[in-house]
Amino acid sequence: MTAPVFVAEVADVLPGGPDFVLDGPEGRHAVSVKRLRPGEDVVLTDGHGHWTEGVVKAAEGKDRLVVTDLHEVREEPEPTPRITVVQALPKGDRGELAVETMTETGVDEIVPWSAARCITQWKGERGLKALGKWRATAREAGKQSRRVRFPQVADAMTSKQVAALLAKADLAVVLHEDRAHPSEPLATAALPASGDIVLVVGPEGGVSPEELELFTQAGARACRLGRSVLRTSTAGTAAVALLLGRTGRWS
């Protein structure tokens, strides 16, 4: 297993220079939760692809980790093709579940979507709080899965804003299973070798006919995953896994 990942301003790290002190919430997690000890390896990252490795020199108190033997800061290249999931707002904590599992799987960006059939709607302070939870979940899941480039969680979008996003994609897909509407298997759909793939996951009630028309006019294709119907909180993860395998990013 790779070394545990912690978020830090790695731009301040100097190879072979002074020791780096990880404190605050990250230091507390390293010392009091992970219980790291001298001699153990760690990875420090800014979550935007820049990272370095080091060795624990000391664990002090409850929230101070001293890291030494620091390597040169490296940058993980931007993945290609890049995968964005437009996620309709689920009920309860299923939104955080979707963000967590998609992050662990390897999604690059998540866009919360206020679909017409969403029971949950983000408004005012409640919406800002929910968005903050999604972003915190992506950060923690990124660390847990040993990523050094965490997915971006965008501001919530309306259907018109999603349509504009789809129009700019190299491949735009709406997951849609409806016998009255033609769709193709995502498992055999032609994929771009590079660029942006944008995938729309509807709410539990499905994408409305009006939204589907709006998205297809923007260039999106209706695709299905398989015979079974997945919940909105799991469909995105299954689709991302399929795309990562087919594009070679999991090779």
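- Side-chain polar atoms of Glu213 and Gln217 form a donor-acceptor pair below 3.5 angstrom.
- With respect to Glu76 and Arg147, no salt bridge is recorded, no charged nitrogen being found less than 4.0 Å from a carboxylate O.
- If you look at Phe150 and Trp51, their ring centroids are not closer than 6.0 Å.
- By the side chain to side chain donor-acceptor pair (under 3.5 Å) test, Ser145 pairs with no residue at all, sequence neighbours left out.
- Sorted by first then second residue, the side-chain hydrogen bond (donor to acceptor under 3.5 Å, both in side chains) pairs that include residues 33-46, not counting sequence neighbours, are Asp46-His50.
- When all heavy atoms of Thr103 and Pro151 are compared, the pair lying nearest together is OG1-CG, 3.3 Å.
- Looking at Gln87, its side chain does come within 3.5 Å of a backbone N or O of Thr232 through a donor-acceptor pair.
- Contact detail for Gln121 and Ser114: the closest heavy-atom pair is OE1-CB, 3.5 Å.
- For the pair Val111 and Leu165, the minimum side-chain heavy-atom distance is below 4.5 Å.
- Residues passing the side chain to side chain donor-acceptor pair (under 3.5 Å) test with Glu211 are Ser159, Ser208, sequence neighbours excluded.
- Ala235 approaches Leu230 most closely through the heavy-atom pair CA-CD1, 3.9 Å.
- Leu225 and Val86 fall into different hydrophobic clusters, where Ile, Leu, Val, Met, Phe, Trp and Tyr residues are linked whenever their side-chain heavy atoms come under 4.5 Å apart, directly or through other members.
- Legend: residues meeting ring-ring contact (aromatic ring centres under 6.0 Å, His included) with His176, ordered by chain and number and at least two apart, are His181.
- Both Met102 and Leu171 are part of a single hydrophobic cluster, where members link through side-chain heavy atoms under 4.5 Å apart.
- Qualifying salt bridge (Lys or Arg N to Asp or Glu O under 4.0 Å) partners for Arg246, counting only residues two or more places apart in sequence or in other chains: none.
- Taking OG1 of Thr137 as the reference point, atom CG of Leu97 lies at 9.5 Å (rounded to 0.5 Å).
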Stepwise side chain to side chain contact (heavy atoms under 4.5 Å, CB included) test for Lys143 and Val7: CA-CA 8 Å; Lys143 291 163 53 180; Val7 178; 3.9 Å; yes
Verdict with reasoning, Arg249 to Asp108, per side chain to side chain contact (heavy atoms under 4.5 Å, CB included): CA-CA 12 Å; Arg249 284 182 51 182; Asp108 301 303; 2.7 Å; yes
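- In this structure, Glu96 CD and Ser233 OG are separated by 11.0 Å, a value rounded to the nearest 0.5 Å.
- Note on Leu89: it clusters hydrophobically with Val85, by side-chain heavy-atom contacts below 4.5 Å among ILVMFWY residues.
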Verdict with reasoning, Asp170 to Arg82, per salt bridge (Lys or Arg N to Asp or Glu O under 4.0 Å): CA-CA 10 Å; Asp170 296 279; Arg82 189 171 184 272; over 6 Å; no
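- Residue pairs meeting the ring pair (Phe, Tyr, Trp, His ring centres under 6.0 Å) criterion with at least one member in residues 228-251: none, sequence neighbours excluded.
- If you chain together ILVMFWY residues whose side-chain heavy atoms come under 4.5 Å of each other, Leu70 ends up grouped with Phe6, Val10, Val13, Phe20, Leu22, Val31, Leu36, Val42, Leu44, Val56, Leu65, Val67, Val73.
- At most 12 non-hydrogen atoms from other residues, nucleotides or ligands lie less than 6.0 angstrom from CD of Gln144.
- Rounded to the nearest 0.5 angstrom, Glu53 CD and Asp69 CG are separated by 9.5 Å.
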Salt bridge (Lys or Arg N to Asp or Glu O under 4.0 Å) evaluation trace for Asp19 with Lys57: CA-CA 8 Å; Asp19 298 338; Lys57 180 178 181 180; 2.7 Å; yes
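- If you take CG on Leu175 and SG on Cys223, they are separated by 7.5 Å, rounding to the nearest 0.5 Å.
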Derivation of the salt bridge (Lys or Arg N to Asp or Glu O under 4.0 Å) call for Glu60 and Arg28: CA-CA 10 Å; Glu60 302 171 347; Arg28 186 176 302 109; over 6 Å; no
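- Not counting sequence neighbours, Glu104 has no partner by the side chain to side chain donor-acceptor pair (under 3.5 Å) test.
- Other residues, nucleotides and ligands place more than 12 heavy atoms under 6.0 Å from the CG atom of Leu128.
- Contact of the His71 side chain with the Pro15 side chain is not registered, since no non-hydrogen atoms from C-beta on lie closer than 4.5 Å.
- Here the CD atom belonging to Glu109 is positioned 4.0 Å from the CD atom belonging to Gln152, to the nearest 0.5 angstrom.
- Screening residues 119-137 for salt bridge (charged side-chain N to carboxylate O under 4.0 Å, His left out), with sequence neighbours left out, gives Arg135-Asp155.
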Donor-acceptor contacts, no H, no angles, side chain residues 184-203, under 3.5 Å, sequence neighbours left out:
from   : atom 1 : to     : atom 2 : distance (Å)
Glu184 : OE1    : Arg221 : NH2    : 3.2
Glu184 : OE2    : Arg221 : NE     : 3.0
Glu184 : OE2    : Arg221 : NH2    : 3.0
Thr188 : OG1    : Pro185 : O      : 3.4

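- Both Leu212 and Met157 are assigned to one and the same hydrophobic cluster, defined by single-linkage of ILVMFWY side chains at heavy-atom distances under 4.5 Å.
- In this structure, Leu243 is a member of the same hydrophobic cluster as Val173, with clusters built from ILVMFWY side-chain heavy atoms closer than 4.5 Å.
- Under the 4.5 Å side-chain criterion, counting only non-hydrogen atoms from C-beta, Val43 is not in contact with Pro4.
- For the atom pair CG (Asp23) and CZ (Arg64), the distance works out to 7.0 Å, reported to the nearest 0.5 Å.
- Partners of Lys168 under the side chain to side chain donor-acceptor pair (under 3.5 Å) rule, at least two apart in sequence or in another chain, do not exist in this structure.
- With sequence neighbours excluded, the residues forming a ring-ring contact (aromatic ring centres under 6.0 Å, His included) with Trp134 are Trp122, listed by chain and number.
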